[in-house]
Amino acid sequence: MARLVLQSTLLCLLRVGLGTQDSDSFLPHAPHNCPHKCVCAADLLDCAGLGLREVPVTLPAAAADLDLSHNGLQRLPPGWLAPLSRLRALHLNHNELEALGRGVFTNASGLRLLDLSSNALRALGRHDLDGLGALETLLLFNNHLAHLDERAFHRLGTLSRLYLGCNKLSSFSFNHLHGLGAAHLRILDLSSNHIGRTPVPDLAALPAFLKNGLYLHDNPLPCDCRLYHLLRRWHQRGLSAVSDFAREYTCLAFKVPDSRVRFFAHSRVFENCSVALAQDLERPEEQLHVQVGQSLRLHCNTSAPALRVAWVSPQHELLVAPGSRNGSIAVLADGSLAIGSVQPWHEGVFVCLATGPRLHHNQTHEYNVSVSFPHPEPDAFNTGFTTLLGCAVGLTLVLLYLFAPPCPGCRRCCRRTCHCCRRCRRWPQTPSPLRELSAQSSVLSTTPPDTPSRKASVHKHVGFLEPGRRGLNGRVQLAVAEDFDLYNPSGLRLKAGSESTSSTASEGLVMT
């Protein structure tokens with residue numbers, strides 16, 4: 001305890017003794033070449049929101065992430081990034097840049113992300129983006145871009161995301177993508193522009209993975225039948241760029257700005273469009289079904305020989321010889337793709353990209369691979385035993401039906417003797433009042449009960465006896481034949497006759 005008190009006393013004395021010195025000498029030294037008012041932390045350089053009109057003259061060489069956003073920069077001097085050989089991300093959004101110029105990005109070969117959004121850029125020249133060979137993401141949305149050079153992106157071979165939304169572009173070359181390579185490109189945002197001319201065959205020829213990331217909503221597209229069927233097919237296939245913004249896809253019905261209609265909400269505009277117009281637009285993808293563990297080989301079928309073939313996996317991995325990173329997929333010398341043992345993660349769309357002097361750079365061939373687990377084979381013994389047992393049961397029932405029919409005349413004998421009922425295995429039933437009257441029906445019938453005609457007859461006989469002749473005190477007695485069907489009384493017919501049944505019931509009614 002005394003030791004701790006001594007140490008604290010010495011520290012207090014040290015602070016008091018050094019209190020007369022300059023207090024700034026105890027502040028941490030700023031990193032080497034850190035601009036004034038900027039924040040430098042390790043490899044981060046933050047100069048955002050400082051109202052800068054020019055880029056800082058001195059920049060630390062260790063900076064890998066430079067943020068100059070939300071300033072008033074109007075120009076970028078050539079070679080200003082020369083000291084930043086480690087730069088990976090550059091944020092220049094929300095400034096007042098109107099043009100770039102040649103040599104602006106010299107020595108930025110390692111840059112991965114460039115954010116030029118929310119500026120005042122009006123055009124992109126052929127050499128404005130030179131030196132960005134490793135760039136993967138380029139943000140140019142919310143500018144005033146009205147013109148793109150045909151080769152503006154020709155040196156951006158690894159670009160995968162290009163955002164050009166909220167500009168003033170009236171056209172875009174889907175034929176060659178202004179120099180872009182389709183092998184790596186995954187997102188192409190052209191939404192909220194002035195694009196009115198869209199070559200439908202060039203759109204249909206794009207790879208499937210780029211169609212999934214091609215955003216064309218909120219443009220004055222023409223109400224063209226071929227374009228309508230193409231976008232509708234993309235919507236039915238569930239492509240994200242169309243299905244996520246279906247309500248924002250509009251077209252001009254009468255070439256007037258106020259005549260915009262929604263593609264997928266006003267089908268009446270396209271009711272006269274023939275589906276045959278869009279049948280040859282897209283080459284249908286081949287459907288393949290394989291089981292886990294099987295081998296698979298895909299060939300890149302092109303209309304002409306290809307000098308270079310590359311594949312894109314369902315995980316958007318670019319596959320070139322020798323194959324995938326994990327070694328499960330191989331690209332052979334002839335350009336075909338081989339999988340030795342198919343696994344569940346191989347399911348999806350494989351796209352072949354072929355290039356050559358007589359081939360378009362984005363000519364593709366697509367395979368939709370479905371992977372399933374093998375079904376276990378049924379047990380042959382169990383199946384055969386079940387079938388044999390069913391046949392035996394069926395044969396037994398047939399034999400019982402043919403050679404052991406029910407006892408004939410069982411119902412009649414049950415009314416007479418109990419001995420017959422024991423042979424028929426039936427017990428005598430309690431006679432009902434209707435059956436007690438059956439004996440009286442024989443008196444009314446003109447045919448003896450045991451005659452053959454009586455047995456063959458299917459008619460029912462009901463007689464109403466005259467009051468007073470049977471001692472019923474004026475009541476009508478109903479006699480029912482023994483074969484009267486109680487469940488089908490609708491088949492009875494009424495007859496009125498004085499002598500139709502017998503002399504005893506000459507004035508009664510008879511139902512036969």
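Values below: all heavy atoms of this structure, side chains included; hydrogens, waters and symmetry mates excluded.
Side-chain N or O atoms of Asn212 include none that pairs as donor or acceptor with a backbone N or O of Leu210 at under 3.5 Å. Checked by atom type and distance alone, the side chain of Asn107 pairs as donor or acceptor with a backbone atom of Ala82 at under 3.5 Å. Asn193 contributes a side-chain N or O that, together with a main-chain N or O of Leu164, makes up a donor-acceptor pair within less than 3.5 Å. In terms of modelled atom types and a separation under 3.5 Å, the side chain of Lys211 and the main chain of Trp234 share no donor-acceptor contact. Between the side chain of Asn71 and the main chain of Ser69, a donor-acceptor pair closer than 3.5 Å is present. Counting only distance, with no hydrogens or angles, the side chain of Asn119 and the backbone of Leu97 share a donor-acceptor pair below 3.5 Å. Side chain of Asp65 to main chain of Arg88: no donor-acceptor pair is present (N/O by atom type, distance under 3.5 Å, no hydrogens or angles). One N or O on the side chain of Asp46 and one on the backbone of Ala48 form a donor-acceptor pair closer than 3.5 Å. At least one donor-acceptor pair closer than 3.5 Å links the side chain of His184 to the backbone N or O of Gly157. Checking side-chain atoms of Arg112 against main-chain N and O of Gly110 turns up a donor-acceptor pair under 3.5 Å.
The minimum heavy-atom distance linking Cys40 with Leu45 is given by the pair SG-CD1, 3.3 Å. Here the closest heavy-atom approach between residue Ser328 and residue Trp345 is recorded as OG-NE1, 4.1 Å. Closest approach of Arg155 to Asp130, counting heavy atoms only: CD-OD1, 3.2 Å. Of all heavy-atom pairs between Pro60 and Leu84, the closest is O-CD2, 3.0 Å. Heavy-atom minimum distance, Glu54 versus Leu73: C-CD2, 3.4 Å. The shortest heavy-atom contact between Asn95 and Gly72 is OD1-N, 3.5 Å.
Taking 4.5 Å as the limit, some side-chain heavy atom of Glu317 sits within range of a side-chain heavy atom of Arg325. Using a 4.5 Å cut-off on side-chain heavy atoms (C-beta onward), Pro77 and Val55 make contact. When side chains are defined from C-beta on, Thr396 does not count as touching Leu399, because their heavy atoms never get closer than 4.5 Å. Contact annotation: the side chain of Asp115 never approaches that of Leu90 to less than 4.5 Å [non-hydrogen atoms, C-beta and beyond]. Between Ile187 and Leu162, the closest side-chain pair of non-hydrogen atoms is not below 4.5 Å. You'll find the side chain of Tyr249 reaches within 4.5 Å of the side chain of Leu231, heavy atoms only. Contact annotation: the side chain of His346 approaches that of Ile329 to within less than 4.5 Å [non-hydrogen atoms, C-beta and beyond]. Using a 4.5 Å cut-off on side-chain heavy atoms (C-beta onward), Leu66 and Leu92 make no contact.
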ask   = Is there a salt bridge (Lys or Arg N to Asp or Glu O under 4.0 Å) between Arg297 and Asp334 once you walk through the steps?
value = CA-CA 12 Å; Arg297 187 167 181 177; Asp334 60 351; 3.1 Å; yes
request  = Using the side-chain contact (heavy atoms from CB on, under 4.5 Å) rule, take Leu214 and Phe174 through it: C-alpha gap first, then chi angles, then the decisive distance, then the call.
outcome  = CA-CA 11 Å; Leu214 177 60; Phe174 296 99; 3.9 Å; yes
query = Please walk me through it: do Arg75 and Glu98 pass salt bridge (Lys or Arg N to Asp or Glu O under 4.0 Å)?
reply = CA-CA 7 Å; Arg75 59 179 297 273; Glu98 296 183 357; over 6 Å; no
task = Let me see the working for His289 and Ser372 under side chain to side chain donor-acceptor pair (under 3.5 Å), right down to the final yes or no.
result = CA-CA 8 Å; His289 301 275; Ser372 61; over 6 Å; no
query = Could you walk me through whether Thr250 and Arg262 pass the side chain to side chain donor-acceptor pair (under 3.5 Å) check?
reply = CA-CA 4 Å; Thr250 59; Arg262 291 190 176 96; over 6 Å; no
request  = Go through His299 and Leu337 one step at a time and tell me if the side-chain contact (heavy atoms from CB on, under 4.5 Å) criterion holds.
outcome  = CA-CA 6 Å; His299 297 274; Leu337 184 143; over 6 Å; no
task = Begin from the C-alpha positions of Leu296 and Val369 and carry the test side-chain contact (heavy atoms from CB on, under 4.5 Å) through to its verdict.
result = CA-CA 10 Å; Leu296 178 65; Val369 178; 4.1 Å; yes
key: Evaluation steps, side-chain contact (heavy atoms from CB on, under 4.5 Å), between Cys47 and Leu52   = CA-CA 8 Å; Cys47 300; Leu52 301 177; 4.2 Å; yes
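Using bins of under 30°, 30° to 60° and over 60° for the plane-to-plane angle, the ring pair Phe245/His217 lands in the parallel bin.
From Ser118, atom OG reaches atom CG of Leu140 across 11.0 Å, with rounding to the nearest 0.5 Å. Atom CG of Asp244 sits about 9.0 Å away from atom NE2 of His235, to the nearest 0.5 Å. In this structure, the separation between CG on Leu50 and CG on Leu68 is 9.0 Å, given to the nearest 0.5 Å. The distance from the OG atom of Ser324 to the CD atom of Gln315 is 9.5 Å, given to the nearest 0.5 Å. Atom-to-atom distance recorded for Asp149:CG and Arg126:CZ is 4.5 Å, nearest 0.5 angstrom. Note that CG of Leu114 and OG1 of Thr137 are 10.0 Å apart. Values are rounded to the nearest 0.5 Å.
Less than 6.0 angstrom separates the ring centroid of Phe172 from the ring centroid of His178.
Cation-pi check for Arg186 over Phe209 is met; the charged atom lies under 6.0 angstrom from the ring centroid and within 45 degrees of its normal.
For Gln294, the CD atom sits in a packed shell: over 12 heavy atoms of surrounding residues, nucleotides or ligands are nearer than 6.0 Å.
Residues Asn93 and Ser117 bring no donor and acceptor atom of their side chains to less than 3.5 Å of each other.
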